[in-house]
2 protein chains.
Amino acid sequence: MAVGTVLVTGGTGYIGSFTTLALLENGYDVVIVDSLLNSSQAAVDRIELICGKRPTFYQVDITDEAGLDNVFSKHPEIDSVIHFAALKAVGESGEIPLEYYRVNVGGSITLLRSMAKHNVPNIVFSSSATVYGDATRVPGMIPIPENCPIGPTNTYGHTKVMIETVITDHIEAERRKAKKAGKPFEQWNGALLRYFNPCGAHPSGIMGEDPQGVPYNLLPLLGKVATGERDKLLVFGDDYASKDGTAIRDYIHVLDLASGHLAALNYLREKKPGVKAWNLGSGRGSTVFEMIKAFSKVVGRDLPYQVVDRRHGDVLDLTANPALANKELNWKTKLTLEDACADLWRWVENNPKGYRQDPPAELLEKLKASKAAKN
Amino acid sequence: MAVGTVLVTGGTGYIGSFTTLALLENGYDVVIVDSLLNSSQAAVDRIELICGKRPTFYQVDITDEAGLDNVFSKHPEIDSVIHFAALKAVGESGEIPLEYYRVNVGGSITLLRSMAKHNVPNIVFSSSATVYGDATRVPGMIPIPENCPIGPTNTYGHTKVMIETVITDHIEAERRKAKKAGKPFEQWNGALLRYFNPCGAHPSGIMGEDPQGVPYNLLPLLGKVATGERDKLLVFGDDYASKDGTAIRDYIHVLDLASGHLAALNYLREKKPGVKAWNLGSGRGSTVFEMIKAFSKVVGRDLPYQVVDRRHGDVLDLTANPALANKELNWKTKLTLEDACADLWRWVENNPKGYRQDPPAELLEKLKASKAAKN
């Protein structure tokens, strides 16, 4: 029997698929809802190839209340939601903000309404370090603790802050209401996971990030330079106040991030703390130039880049202070930047068309052998 | 020919109806959309009785995008929106926050989407001083200027802040998009009107606040004590750091508030400033005890009250610094607290059932005579 059943919204996306894998590997059953707007249902097959278990999949958009109601009705065993589904391109969020507010904020309100109707009390929310904005504006806030003042500098970040607020107000109201009615109020809980820069892929080489359209983040872009799909990397600014002038980010391997979600969910279910925010990061900041060097080393040659102007909304340093999650969730990152670069390159090199092609037979053989060795 | 045509959402509500009246009296045509969830269509008749012009009315909820689209399609002459429609009970917002987020935030996103589709570029938004939260937490912020840090202490206030952010991001994105396309970008404008404590009624005695259910604000509650509908006023806390221990608010006559909306709309249409926030208040703070005294004087007898515990989320002092609106909008309050009390009492005393009864013949005669005298 399963430990519990979790609805994962956006479960075929990058972080959603790895979290689904981690949940299945740790005894949970998983139901995925995803619009497939920016992901592929093939992720479901890869998850099954790796762990031997298959999540249930529904193509449902989180703004579709009847669709969500239908899924919850069909699966009364769901007791928790991990909520990833969102539009996530920072640049685009400044071009079509209303669509970001409609999908991210409106969709989250719809999800919470449907959860409340079906009495599903736990939510783990995929927030972002973007909620802090430029943390260097406040003295003593690098590395960034959870009590760093909120101050996002773009629409994407605004949507994350708003959803954190909606979840907090809703869960607290449900607790007050249950308490007043003499019902168990502790069941209502929420985790706000503010994570830093997810990167990497599955070490098997058959599962990784497969966004539709142009990637926005550093490592996927470096991957495309390495495969020759792009002729060079654009470095947005080398005049920041860092050791080499490029911006500092806290890169976290997607496997570590997935285990952080699992740890937060377990914490909610066991400790019933109400609503809490945790940073998920390594605590180690790396510059863009350091990342180029690390990835070049894995690829085996220098990758070309060009320094251009700073990008609007970017900030100098987003490095986490993950002490709270280390302590309370008994969780910390285990994988290194080198792991992330090696895993990403294995994924990119072997799957030039991402999920639009079958995984290479050689990698599947290796996966089989490694699973056999484990058993 | 009309100066312009304005869609007023929530136009049968308290402030919405008085703003509609001010618009009609100043040469605008008005189209109202209102769900009638917390207001009466009779307000439309009263507006016509007073000014001789009738706004067009549609019963449409702002969360109904097709309904809004239909109204904009029928009225391509609409060039501006004044957006009042919202759930507005602070206490209730803490009990059913999701519904407040759905209607206030979701509804505003829907309204802006529909406006964008129909190329309606100006929005005047009914925000609130509640966005500042407890302004006494920051030194030097009483009276409160527009640059006082935002920090609402309840869900209602959170919805107002979110809507301000959505409007700002949307209008700025439309400006960038139009500029890039070589189109006139200046047409996209927004006013965020943060107002303090609206009170009073129309001096004719035939138009005033007529909420369904229990009133929440001080003066309407005092009105119900004066008519005997309530046996006493509850004063929430007399241990605040004010001269008499009761909380300080900036009461603004609804006629002044309506003229502030008109001034902001005219400013947007003439100066095309982008998005701007203005406080609408008198700049004069009054305590609860002072209000009881002022209203008792108008009624002609002492009104009973009882001091009880502070109410969660209430703050010591919300007095406006209205200097920016005074200067830029060339607007300031003209009516006194005594005017507000006298007008409110005339409304309450003569209309015990609010809009659920015809206005007294005597008041209608007086109104007719005063209109005749003016012409």
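First the proteins, then the strands, lettered A, B, ... as listed; each starts at 1.
Using a 4.5 Å cut-off on side-chain heavy atoms (C-beta onward), A:Y101 and B:T165 make contact.
B:R102 touches chain A through backbone and side chain together, each having a heavy atom under 4.5 Å away.
Take A:R269 and apply the side-chain hydrogen bond (donor to acceptor under 3.5 Å, both in side chains) test, not counting sequence neighbours, and it matches A:Y28, A:D79.
Within a 6.0 Å radius of CG in B:N147, other residues, nucleotides and ligands contribute more than 12 heavy atoms.
Exactly one of A:D169, A:I171, A:I109, A:T168 qualifies for a side-chain contact (heavy atoms from CB on, under 4.5 Å) with B:P97. That residue is A:D169.
Chain B is approached within less than 4.5 Å, heavy atom to heavy atom, by A:L112, A:R113 from residues 111-137 of chain A, ordered by number.
Contact count versus chain A (heavy atoms, under 4.5 Å) is highest, among B:H158, B:M162, B:E99, for B:M162. In terms of heavy-atom pairs under 4.5 Å with chain B, the best-connected choice from A:V166, A:T155, A:I96 is A:V166.
Between A:A173 and B:G94, the closest heavy-atom pair is CB-O, 3.4 Å.
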